[in-house]
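This report concerns only the one structure given below.
The structure presented is a predicted model; accordingly, all values stated were derived computationally and were not measured. All heavy atoms count here, side chains included; hydrogens, waters and symmetry mates do not.
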Amino acid sequence: MTRLQRTDTRNCASCHEDASSSLANPTVGGGTNATKPMFAGINTRGLGLTSPSLTWDFIKRLKDVTTMKVVIKGLETREDAQQAIESGADGIIISNHGGRATETGRGTIECVAEVAQAVRGRIPVLVDGGFRRGTDVFKALALGANAVGIGRPYIWGLSAFGQQGVERVLDILNNELRLAMAGCGTRAVKEITAASIMDVGRRL
């Protein structure tokens with residue numbers, strides 16, 4: 001039975017986790033096994049992905065040692081968005097990490113308008129988490145997001161039909177988005193605004 005057999009023989013731990021890490025707070029630096037290419041040239045000794053030593057000042061220090069864009073993921077409030085801009089972030093990804101980190105909080109779609117209003121177009125605002133239809137994408141764009149991250153849908157397509165499955169998933173999402181745009185009279189993405197949606201509130 002080879003249906004679920006793993007055919008990729010690469011070592012995932014080389015990018016995602018080192019042998020000394022715990023799932024609660026994996027170390028990103030400080031040892032030979034913990035050195036990741038994305039942290040090359042940065043002193044990360046003793047620094048964990050959920051370390052309390054990760055302050056807003058870290059963004060400024062990171063900007064000093066790289067010419068790459070620094071995008072902050074996991075923000076959900078206007079205050080954090082404003083702080084990210086003041087700290088030099090080049091972009092924001094609104095995310096609750098699939099709800100695993102803040103599963104009793106708001107859905108990311110509910111945070112978009114607040115964050116976008118705080119950013120006021122100064123840096124790109126992306127959002128991910130729970131986007132399954134082209135209409136979901138339309139709503140996020142209407143609320144002020146510049147782009148939407150797609151996770152599980154393309155993974156489903158990949159696992160079912162490989163690259164063709166991913167391409168088909170993206171085709172479906174794009175077609176659904178185009179249909180929503182046509183239905184709302186928007187001829188281009190830049191014409192999608194909050195005027196196209198209506199908050200009817202939640203009903204039990």
Within-4.5 Å side-chain heavy-atom neighbours: [X] and [Y]:
X: Asp90; Y: Ile123; answer: no
X: Trp156; Y: Val169; answer: no
X: Leu143; Y: Ile109; answer: yes
X: Leu173; Y: Leu177; answer: no

Check: Thr108/Asn96 side-chain N/O donor and acceptor closer than 3.5 Å: no
Any side-chain donor near an acceptor of the partner, Gln83 and Glu79, under 3.5 Å: no
Treating Ile, Leu, Val, Met, Phe, Trp and Tyr as nodes and any side-chain heavy-atom pair under 4.5 angstrom as an edge, say whether [X] and [Y] lie in one connected cluster.
X: Ile150; Y: Leu179; value: no
X: Val137; Y: Ile172; value: no
X: Ile93; Y: Tyr154; value: no
X: Val148; Y: Val71; value: no
X: Leu126; Y: Ile72; value: no

Pair Asp57 + Arg61: basic N to acidic O under 4.0 Å: yes
What's the shortest heavy-atom distance between [X] and [Y], and which atoms?
X: Ala142; Y: Thr193; result: CB-O, 3.4 Å
X: Val119; Y: Val125; result: CG2-CG2, 3.7 Å
X: Trp56; Y: Ser87; result: CB-OG, 3.5 Å
X: Val127; Y: Phe131; result: CG1-CZ, 3.7 Å
X: Gln82; Y: Arg122; result: OE1-NH2, 3.0 Å
X: Ala118; Y: Ala81; result: CB-CB, 4.3 Å

Option passing side-chain contact (heavy atoms from CB on, under 4.5 Å) with Ile94 (candidates Val112, Thr77, Leu75): Val112
Can you measure from [atom1] ([X]) to [atom2] ([Y]) and round to the nearest 0.5 angstrom?
X: Ile92; Y: Cys111; atom1: CD1; atom2: SG; answer: 12.0 Å
X: Ile59; Y: Ile85; atom1: CD1; atom2: CD1; answer: 11.0 Å
X: Leu141; Y: Met181; atom1: CG; atom2: CE; answer: 8.5 Å

Whether over 12 other heavy atoms sit under 6.0 Å from Glu191 CD: yes
Within 6.0 Å of CZ in Arg133, more than 12 heavy atoms from elsewhere: no
Arg152/Arg132 under side-chain contact (heavy atoms from CB on, under 4.5 Å): CA gap, chis, key distance, verdict: CA-CA 8 Å; Arg152 288 189 179 95; Arg132 304 290 183 262; 3.3 Å; yes
CA sep, side-chain torsions, deciding dist, call: Thr135, Glu176, side-chain contact (heavy atoms from CB on, under 4.5 Å): CA-CA 6 Å; Thr135 47; Glu176 289 176 345; 5.7 Å; no
Side-chain (Arg168) to main-chain (Phe161) donor-acceptor, under 3.5 angstrom: no
